[in-house]
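Scroll down for the structure; my scribbles are underneath it.
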Amino acid sequence: LYKSRQTKSQVLEIARVCEAIVNGDYSKKLNLKSVGDAGPIAAKINDLSDVIETKFSDIHAERAQLKMILASMIEGIISVDHQMRIMFCNTKALKLLRIKTSDYRGQKLNEISGFEPLIDMAEQAMKTHQLVEKEHKYYTDAKKDSGKKVIAMHAVTFRGDLGRGGLIIVLNDISEIRKLQKNPRGFVANVSHEIKTPLTAIKGYTETLLEGALEDTANRRRFVEKISHGTDRLLESVHDILSLAKLEEKQDSLVTNPIDWFPIIRSVVHSHEDLIKKNNLNLKIESKDNSCMVLGEEQSMRQIIDNLL
């Protein structure tokens, strides 16, 4: 009878600790001496508790880091589950949609005022499992005299671990691009100014060097650095022009292929190597995996990493 009661007590103690682990309390541990013959099992339970605690700690840290990155992005990011319930929405998305409330988590898109422009697009993306793109326009001025905003909206589905998945919606403010498209003369004037200014500086410093400053050891390096800075500004202007030209290209769909992220990232980082060293920065590419295959378009992927850097 005593042995039976002792065994029952040991089983209840093991059950108590297991229940605590299930509820997320990993501080409870089994006393190996008090559980008798169940000592080896108790030791494994204690080890399992430590492993689970470490894994959950890593997951929480990664989630916090991801949320911080998404919250600081210049694009609006919204994530909804398969039932159209909002799981995440960063500050930029709330601002672009002019939504004042922050009490949105767990509610459906059609339950909160301000998310209406996304509903048809989200339903279409969920139904077709294809990338859906639309534009949302509104005026910040009630009289519609000025302040026209144009928001590019992109929705694409994703699959979750249990097969249910959901939807990611990305919002971009393209108001300035649309203004430039309607006013090409103003765009040309702006671009001409952006190109003329560094060209004038480069010409001036080059003439100074040719007129004798090459022998001026105290200042010639400064002149060359100014020329280098002007060249960088020119390259940035050309880069912006090319980016705008690509945005204006009317393509029915983006041609995607299986592409590994890491060679692209390494290539873009290498192209910025001189600038990284110049700013005394140390940039490392770390990953638990050797590759990260996605469906994408290589040039666009390069552009993403280049913009981030």
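All heavy atoms count here, side chains included; hydrogens, waters and symmetry mates do not.
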Looking at [Y] and [X], is there a salt bridge between them, counting it only when a charged N and a carboxylate O are closer than 4.0 Å?
{"X": "Lys44", "Y": "Asp47", "value": "no"}
{"X": "Asp120", "Y": "Lys134", "value": "no"}
{"X": "Lys28", "Y": "Glu19", "value": "no"}

Would you give the length of the straight line joining atom CD1 of Ile86 to atom OG of Ser79, rounded to the nearest 0.5 angstrom?
-> 10.0 Å
Look up atom CD1 in Ile119 and atom CE in Met84, then write down how far apart they are to the nearest 0.5 Å.
-> 8.5 Å
Step by step, would you call Glu123 with Lys127 a salt bridge (Lys or Arg N to Asp or Glu O under 4.0 Å)?
-> CA-CA 6 Å; Glu123 290 176 347; Lys127 184 178 180 180; over 6 Å; no
Non-hydrogen atoms of [X] and [Y] that approach each other most closely:
{"X": "Gly76", "Y": "Asn90", "result": "CA-OD1, 3.5 Å"}
{"X": "Leu234", "Y": "Ile202", "result": "CD1-CD1, 3.9 Å"}
{"X": "Val80", "Y": "Met126", "result": "CG2-CE, 4.5 Å"}
{"X": "Met293", "Y": "Pro258", "result": "CE-C, 3.8 Å"}
{"X": "Thr157", "Y": "Ala125", "result": "CG2-O, 3.4 Å"}

Neighbour count above 12 (heavy atom, 6.0 Å) for Phe56 CZ | no
Heavy-atom check, side chain of [X] versus side chain of [Y], under 4.5 Å:
{"X": "Ile78", "Y": "Val170", "answer": "no"}
{"X": "Leu171", "Y": "Ile77", "answer": "no"}
{"X": "Ile174", "Y": "Glu135", "answer": "yes"}
{"X": "Phe115", "Y": "Cys89", "answer": "yes"}

Does Arg98 make a cation-pi contact with Tyr138, if we ask for NZ or CZ under 6.0 Å from the ring centre and within 45° of the axis?
-> yes
